[in-house]
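Here the structure is laid out as structure tokens; the discussion comes afterwards.
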Amino acid sequence: MKDNKKVVHAVTELLLAAVLIVAIFFLIRYMDVKDAEAAETAASTETQQWIEFPEDTPEVKLGKRTYLFSHPVKTYLLMGTDASGNEDGIGDDYQGAMADTLILIMVDDEEKSYGLLQLNRDTITDVPILLHDGTSYASAEEQLCTAHWYGKDRKASCENTVQAVSNMLGGLPIDGYYCLQMGAMPLLNEAVDGVTITFPEDLTEIDPAMKKGATLTLTNAQAEALLHTRMGLKDDRNSERMNRQKLFMDGFMDKMKEKAVDTNFTIALYDRLHPYATEDININELSQMLKDIKNYTNKGTFTIDGTSELGEKLGDGEQHWEFYMDEGSLDSIMCGLYPLVYQKEK
């Protein structure tokens, strides 16, 4: 009997020890989890306290999502117009042209970075409609490029386009613009002694020399054809022309970084383009921007995904390409380019 009692006692002690070990194990696990949760909460609280937004911090609203800038940046709208209007007209003879090329350049002095956002001229968006005296009376869902149609002069047409782009991108602040008539585009090529491009695809439809893999320093005529040609090609969507414009733009920016070391070059180019340009960026701002981005990190050139379809929103009885942005892509691109902090959904 005594032996049985000893065995039972020993077994009981072992069971108690096992239970104690298991209890200690789960207690340690519980404490580890709590410590991790506390650390995560502290980190989250620290992050929230780190970003303090001034009352005048601008909002950007993309769909139901609202964002604030974590720090200030500068944004400029670059435009290139076609020959569809009469931009040299005065008074009643003035007629804005279509803005064929629309590019935002973002400069972040705090992060020492910059990036470009190409906008599709065929994007269907809310466009303010101006009377010829400059007053606004309505808006309509039209191609973004038509915003430059409206206004009493070049300045009003540009400002209307800036407003349309800002509205389309959720109220994005735009600090200035530079608009160049498409006929002056070859002067950009000439100014840098010809943009050099290695063609990633065959573009012999435009020029026999533009073969896939070929490296070519463009003549002025080739530059104009590359930038402008669309009608008559197998794929005449503007999204395809934007790819070609990006080729030119990347090559041009590479050479501009080299040339802009000489301040006299920037001033000479600015003066040469002045008769074809409408801008509210002065030569000092432009020179400083070019000087800065030479040493800044290039975030890249972004484009917003979407779908192109033929439609009649232009109202001339013919079908034209219409581009509809993908909301998810718009949200992703804007957050990749700009230092935006998500706030809430509305």
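- Checked by atom type and distance alone, the side chain of R237 never pairs as donor or acceptor with a backbone atom of S308 at under 3.5 Å.
- For the pair Q143 (side chain) and W321 (backbone), a donor-acceptor distance under 3.5 Å is present.
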| field | Stepwise salt bridge (Lys or Arg N to Asp or Glu O under 4.0 Å) check, R244 with E240 | value | CA-CA 7 Å; R244 300 190 289 273; E240 294 303 307; 5.4 Å; no
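- Relative to the ring axis of Y94, R154 does not place its NZ or CZ within 45° and under 6.0 Å from the centre.
- Taking a 6.0 Å sphere around CG of D92, one finds it holds 12 or fewer heavy atoms contributed by other residues, nucleotides or ligands.
- Residue L77 forms a side-chain contact (heavy atoms from CB on, under 4.5 Å) with just one option from V165, L117, I105, and that option is V165.
- The 12-atom threshold is not exceeded at NE2 of H274, counting heavy atoms of other residues, nucleotides or ligands nearer than 6.0 Å.
- Between the S332 side chain and the G328 main chain, no donor and acceptor come within less than 3.5 Å of each other.
- Checked by atom type, the side-chain pair T301/Q118 shows no donor-acceptor distance below 3.5 Å.
- When the shell of 6.0 Å around NZ of K299 is examined, it contains more than 12 heavy atoms from other residues, nucleotides or ligands.
- Paired with T196 under the rule side-chain hydrogen bond (donor to acceptor under 3.5 Å, both in side chains), one option of D254, T217, T215 passes, and it is T217.
- When the shell of 6.0 Å around NZ of K255 is examined, it contains more than 12 heavy atoms from other residues, nucleotides or ligands.
- With 3.5 Å as the limit, one finds a donor-acceptor pair spanning the side chains of E142 and Y150.
- For the pair I267/I283, a side-chain contact is recorded, criterion being any heavy-atom separation below 4.5 Å from C-beta on.
- Salt bridge status for R65 with D331: present, with a side-chain N to carboxylate O gap under 4.0 Å.
- In this structure, Y76 and D175 have side chains that are in contact, with non-hydrogen atoms separated by less than 4.5 Å.
- Q163 and N167 are linked by a side-chain donor-acceptor pair at a separation below 3.5 angstrom, with hydrogens and angles left out of the test.
- Residues Y296 and D108 bring no donor and acceptor atom of their side chains to less than 3.5 Å of each other.
- Not a single donor-acceptor pair under 3.5 Å links the side chain of T146 to the backbone N or O of W149.
- Side-chain atoms of T101 and Q245 form a donor-acceptor pair, as typed in the model, at a separation below 3.5 Å.
- Defined by atom type and a distance below 3.5 Å, a donor-acceptor pair is missing between the side-chain atoms of D122 and N238.
- No more than 12 heavy atoms of other residues, nucleotides or ligands sit less than 6.0 Å from atom CD of E327.
- At distances below 3.5 Å, not a single donor-acceptor pair connects side-chain atoms of Q288 with backbone N or O atoms of E285.
- N220 and E224 form no side-chain donor-acceptor contact under 3.5 Å, judged by distance and modelled atom types alone.
- Using modelled atom types, one finds no donor on one side chain facing an acceptor on the other under 3.5 Å when comparing Y270 with R272.
- From Y178, atom OH reaches atom CG of D280 across 12.0 Å, with rounding to the nearest 0.5 Å.
- Heavy-atom minimum distance, G80 versus M185: CA-CE, 3.7 Å.
- Atom CE of M79 sits about 5.5 Å away from atom OG1 of T161, to the nearest 0.5 Å.
- Listed for the N189 side chain is a donor-acceptor partner under 3.5 Å among the backbone atoms of V195.
- Annotation: side chain of Y324 is in contact with side chain of E309 (closest heavy-atom distance under 4.5 Å).
- Minimum interatomic distance between S329 and D305 (heavy atoms only, all atoms of both residues): OG-N, 2.9 Å.
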